[in-house]
Amino acid sequence: MYKINIASRTLHFHVPAGTSRGVYTTRKSYYVTLSDTYQPGVVGVGECATLPDLSCDAMPDEQYKQKLHSFCEDFCRTGRIDIDAMRPFPSMLFGLETAKAQLDAKGSINLFNTSFGRGEEGITINGLVWMGSFDEMFQRLEAKLTAGFRCVKLKIGAIDFKKEIELIRHIRQTFTRDRVELRVDANGAFAPEEAMQRLEALAQYDIHSIEQPIRQHQWQEMARLCADSPLPIALDEELIGVNDPAEKALLLDTIRPQYIILKPSLHGGMTGTREWITMAKERNIGSWITSALESNIGLNAIAQLTADIYGSNITTPQGLGTGQLFSDNIPMPLEIRGDQLWISDKDSYY
């Protein structure tokens with residue numbers, strides 16, 4: 001009934017993407033192309049990609065390919081995705097879920113028949129300013145504001161913290177809170193003993209939230225920060241590898257963050273993302289969804305999922321502005337208009 005082909009591709013960043021963990025210059029992905037005997041010529045394509053030293057299912061290429069082939073063979077044999085078996089491998093689960101969703105949608109990129117997927121409305125997104133020197137980061141911020149972004153996320157933790165505070169102070173002297181919403185992402189760069197002092201320093205500048213101030217797996221320290229911080233805290237890396245629903249509940253109940261941020265290829269695929277957001281909502285914890293440096297294939301799937309989960313007229317900026325990062329991205333009818341991601345007017349099939 002089903003047939004699957006797996007191919008790989010390496011994409012190249014226009015500008016090296018810097019985080020507190022290092023710098024990315026390339027991004028390798030595996031693409032699962034799914035077809036069946038009942039729909040000749042119709043395919044579904046999903047992207048499977050890990051981030052080194054971050055994804056819970058990162059492994060050497062040959063081992064990754066073998067594992068992905070095994071899951072695809074199981075799917076072809078049974079006709080169903082074994083969610084429980086694939087929970088520890090979220091990037092593979094996300095890719096297979098995407099391919100199946102597109103095949104079910106008869107090859108359309110409008111995976112869940114949403115207003116966004118039909119090109120009737122956009123999804124509000126934030127601009128992303130990568131780490132760099134003071135001048136580089138300020139120039140990148142100005143470019144985002146000129147492009148029409150009203151929410152900008154700054155990657156911090158790579159240069160001297162005093163320099164970063166100086167940059168943020170300069171931004172706030174130039175752009176008021178009404179003009180631009182600022183989010184910061186530390187990627188776990190702060191030591192627990194210095195984190196509160198740094199949060200207090202950041203809080204003076206009308207920061208919306210900070211992502212992952214300290215490294216993951218320090219639940220009690222993170223819980224203390226979330227309880228006492230003058231700045232709302234959003235968990236990101238903390239959620240990686242927490243795939244069992246009972247453990248998810250324990251994490252949320254222990255740490256009690258203000259927000260969680262979901263990257264489907266890191267946080268349980270489409271199924272796991274839906275679980276996290278449902279459980280967070282039950283606890284009055286906010287959320288939004290971001291990409292994890294996927295190509296346009298993965299980015300479209302994440303955007304379609306976002307529209308399906310949050311519904312129409314999404315006003316909380318989502319992290320879906322990564323489609324312009326690569327010099328050789330896969331063409332898709334995704335375009336940024338002002339501070340929104342849109343599907344272009346034409347219907348598209350991959």
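Keep in mind that what you see is a predicted model, and the values were worked out from it rather than measured.
One finds no salt bridge joining Glu142 and Lys144 here, because no Lys/Arg side-chain nitrogen approaches an Asp/Glu carboxylate oxygen to under 4.0 Å. Electrostatic pairing of Glu221 and Arg224 counts as a salt bridge here, judged by a charged N lying under 4.0 Å from a carboxylate O. Remark: Arg169 does not engage Glu166 in a salt bridge, criterion side-chain N to carboxylate O under 4.0 Å. A salt bridge is defined here as a Lys NZ or Arg NE, NH1 or NH2 lying under 4.0 Å from an Asp or Glu carboxylate O, and Asp61 with Lys28 meets this definition. Ion pairing between Arg87 and Glu275 holds under the 4.0 Å rule for side-chain N and carboxylate O. A salt bridge links Asp104 and Lys100; the closest N-O separation between the charged side-chain nitrogens and carboxylate oxygens is under 4.0 Å.
Here the side chain of Asp206 pairs no donor or acceptor atom with the backbone of Arg177 at under 3.5 angstrom. Between the side chain of Gln102 and the backbone N or O of Gly107 there is at least one donor-acceptor pair closer than 3.5 Å. His208 places no side-chain N or O within 3.5 Å of a backbone atom of Glu181 that could act as its donor or acceptor partner. Distance alone, capped at 3.5 Å, places no donor-acceptor pair between the Glu211 side chain and the Asn187 backbone. Using a distance-only test at 3.5 Å, with no hydrogens or angles considered, a donor-acceptor pair links the side chain of Asp328 to the main chain of His12. When atom types are taken as modelled, the side chain of Glu335 and the backbone of Trp342 share no donor-acceptor pair closer than 3.5 angstrom. Side-chain atoms of Gln218 come within 3.5 Å of backbone atoms of Arg215 as a donor-acceptor pair (strictly under, hydrogens ignored).
The environment of Arg150 atom CZ is sparse: at most 12 non-hydrogen atoms of other residues, nucleotides or ligands sit within 6.0 angstrom. Atom CD of Gln173 has more than 12 neighbouring heavy atoms from other residues, nucleotides or ligands inside a 6.0 Å radius. Other residues, nucleotides and ligands contribute more than 12 heavy atoms inside 6.0 Å of the CZ atom of Arg283. Around the CD atom of Glu120, the shell of radius 6.0 Å holds more than 12 heavy atoms that belong to other residues, nucleotides or ligands.
Between Tyr30 and His69, the ring center distance fails the sub-6.0 Å criterion.
For the pair Arg274 and Phe112, the distance from NZ or CZ to the six-membered ring centre is under 6.0 Å and the angle to the ring normal is within 45 degrees. Stacking of Arg183 on the aromatic ring of Trp288 is recorded, both the 6.0 Å distance cut-off and the 45° axial limit being met. Geometric assessment of Arg198 against the ring of Phe190 yields a positive cation-pi assignment under the 6.0 Å and 45° thresholds.
For Cys56, the side-chain contact (heavy atoms from CB on, under 4.5 Å) criterion is met by Pro90, Ile240, Asn243, not counting sequence neighbours.
Looking at heavy atoms from C-beta onward, Asp82 lies out of side-chain contact with Phe75 at the 4.5 angstrom threshold. For the pair Asn329/Leu299, no side-chain contact is recorded, criterion being any heavy-atom separation below 4.5 Å from C-beta on.
No donor-acceptor contact under 3.5 angstrom links the side chains of Thr315 and Thr124, judged on distance only. Between the side chains of Thr290 and Gln318, no donor-acceptor pair is found at a separation under 3.5 Å. Side chains of Glu238 and Trp219: a donor on one and an acceptor on the other come within 3.5 Å. Remark: the Thr37 side chain and the Tyr2 side chain contain no N/O donor-acceptor pair separated by less than 3.5 Å.
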Worked verdict on Phe138 versus His170 for ring-ring contact (aromatic ring centres under 6.0 Å, His included):
CA-CA 9 Å; Phe138 191 75; His170 188 46; 4.8 Å; yes
Pair Leu128-Val152, side chain to side chain contact (heavy atoms under 4.5 Å, CB included): steps then yes or no
CA-CA 6 Å; Leu128 178 60; Val152 177; over 6 Å; no
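The cluster map of Ile, Leu, Val, Met, Phe, Trp and Tyr, joined by side-chain heavy atoms under 4.5 Å apart, puts Val129 and Leu341 in the same cluster. Linking ILVMFWY side-chain heavy atoms closer than 4.5 Å, directly or via other members, places Val32 and Leu266 in two distinct hydrophobic clusters.
With Leu320 as the fixed residue, the side chain to side chain contact (heavy atoms under 4.5 Å, CB included) test singles out one of Asn300, Thr306, Ile336: Thr306.
The aromatic rings of Tyr24 and Phe13 lie parallel to each other, with less than 30° between the two planes, well short of the 60° mark.
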